[in-house]
Number of protein chains: 2
Amino acid sequence: MIIIIEIHEVILLIESRKNSRKRNAILEAMRGTKSHPSAQWVYDSLRSSYPELSLATVYRNIKLFERSGEIISVAVVDGQERYDACVLPHSHFICRGCAAVIDLDFPEDLENARDRLESEEGFKIESVCVSYKGLCRHCL
Amino acid sequence: MIIIIEIHEVILLIESRKNSRKRNAILEAMRGTKSHPSAQWVYDSLRSSYPELSLATVYRNIKLFERSGEIISVAVVDGQERYDACVLPHSHFICRGCAAVIDLDFPEDLENARDRLESEEGFKIESVCVSYKGLCRHCL
DNA sequence: ATGACTGCAAAGACTTTGCATCTTT
DNA sequence: AAAGATGCAAAGTCTTTGCAGTCAT
């Protein structure tokens, strides 16, 4: 059942849930890593503890967590969507070599941050991407 | 033929090309729009002028342009990769309603920019994403 | 009992690739 | 001629979905 509540122009979408061991394990796995996991990563990391877990369940729960705001999508790397259970504002470094996604502080000054990351962290930064997401005037 | 040149630790990858009407048209189409097109968009917009154009050719040339730096990938929106033939630093607003990708200036101050965009452009901004791409220490 | 959750297999969507044919140099 | 470019269809990935059976309330 999906309940849609509108209060003062704010629309809340509440999906009712029952308790589920596997769902809990999926969220725990995502909260317990800084690897910014893909669905496949979560599946692989839980297979030993939950041998009958299916990849479809992981995908379904990830979408559920995303809709509820418990996790966010941080990037699509090499065709795989990557998520983060840390929803506080911060930024990321994405390595095109090993596909690692690494947490960074939210920068005060973008150019400053770039130089500092190269010298202090030893990254080679090839591009900086800033994007805002939301609704345009037309879709509001 | 692919020529790999290394000069002072900088590696250049040069792919030899022959002249091709369709390739020229693909790049022109991408340079002539601010819509941050997907491969499908480019294909659709060229079909009337090049009825025998195939989607595979569009994909192949887009990858070629990307490797050579003539275009960049700016986002994956609703599962489709979106490109930009403007490679100068700037940022984007991505609408989750209509999937529009809109050019913005590169911000000096991130929080400032957010407020200004909401009041002046009428966007509703739900998230800000900063990511750096390149090579980590390990992959260098 | 009812509604939610899951596994499995099938379907979908987007992208890449193999191969024969045609173009450019 | 040789190296590239293209169309077509097939294959590849990642993700979503339909359905029947299971679990939580």
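The chains referred to below are lettered A, B, ... by the order of the sequence lines, with proteins before strands, and numbering in each begins at 1. All values derive from a computational prediction rather than experimental measurement.
- Across the protein-nucleic acid pair, B/Glu81 atom CD and C/dT16 atom C1' stand 13 Å apart, rounded to whole Å.
- Distance CD (B/Gln80) to C1' (D/dT16): 16 Å, rounded to an integer number of Å.
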**OP:** Dump the intermediate steps for salt bridge (charged side-chain N to carboxylate O under 4.0 Å, His left out) on A/Arg17 and A/Glu70, then the final yes or no.
**Re:** CA-CA 14 Å; A/Arg17 291 187 194 176; A/Glu70 286 159 289; 2.7 Å; yes
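- Whole-Å rounding puts the B/Arg21 CZ to D/dA5 C1' distance at 13 Å.
- Counting to the nearest Å, the C1' atom of D/dG4 and the CD1 atom of B/Ile14 are 17 Å from each other.
- Rounded to whole Å, the distance from CG on B/Asn24 to P on D/dG4 is 17 Å.
- Two residues, A/Gly79 and B/Leu55, neighbour DNA chain D, and the one matched to the more 5' nucleotide by heavy-atom proximity is B/Leu55.
- Side-chain proximity of B/Glu52 to the nucleotides D/dG7, C/dT6, C/dT25 is greatest for D/dG7.
- Checking C/dG7, D/dT25, D/dT15 against every side-chain atom of A/Asn19, the shortest atom distance belongs to D/dT25.
- When rounded to the nearest whole Å, the span between OH of A/Tyr59 and P of C/dC8 equals 16 Å.
- For the residue pair A/Gln40 / A/Ser38, no side-chain donor-acceptor distance below 3.5 Å is found, with atom types taken as modelled.
- When all heavy atoms are compared, the tightest approach of A/Ala75 to A/Ile94 is CB-CD1, 3.8 Å.
- Ion pair B/Glu15/B/Lys63 not flagged as a salt bridge, since none of the NZ, NE, NH1 or NH2 atoms sits closer than 4.0 Å to an Asp/Glu carboxylate oxygen.
- Below the 3.5 angstrom threshold, one finds a donor paired with an acceptor across the side chain of B/Arg60 and the base of D/dG7.
- Atom CH2 of B/Trp41 and atom P of C/dC14 are 17 Å apart (whole Å).
- Remark: the B/Lys18 side chain and the D/dA5 base include no donor-acceptor N/O pair separated by less than 3.5 Å.
- Relative ring orientation between B/His90 and B/His36 is described as tilted, the plane-to-plane angle lying within the 30° to 60° band.
- In this structure, B/Gln40 reaches neither bases nor backbone, as no heavy-atom distance under 4.0 Å exists between it and the strands shown.
- With C/dC5, D/dA5, C/dG7 as the choices, the nucleotide that has an atom nearest any side-chain atom of B/Ser20 turns out to be D/dA5.
- Between B/Lys63 and C/dT15 there is no side-chain N or O to OP1 or OP2 distance below 4.0 Å.
- The side chain of A/Met1 lies closest to C/dA4, out of C/dA4, C/dT6, C/dT16.
- In the set C/dT6, C/dT15, D/dA5, C/dT6 carries the atom at the smallest distance from any side-chain atom of A/Arg23.
- Nucleic acid contact class of A/Ser38 (heavy atoms, under 4.0 Å, all strands): none.
- Ranking D/dG4, D/dT15, C/dT6 by closeness to the B/Ser16 side chain, first place goes to D/dG4.
- In this structure, B/Tyr50 atom OH and D/dA5 atom P are separated by 16 Å, rounded to whole Å.
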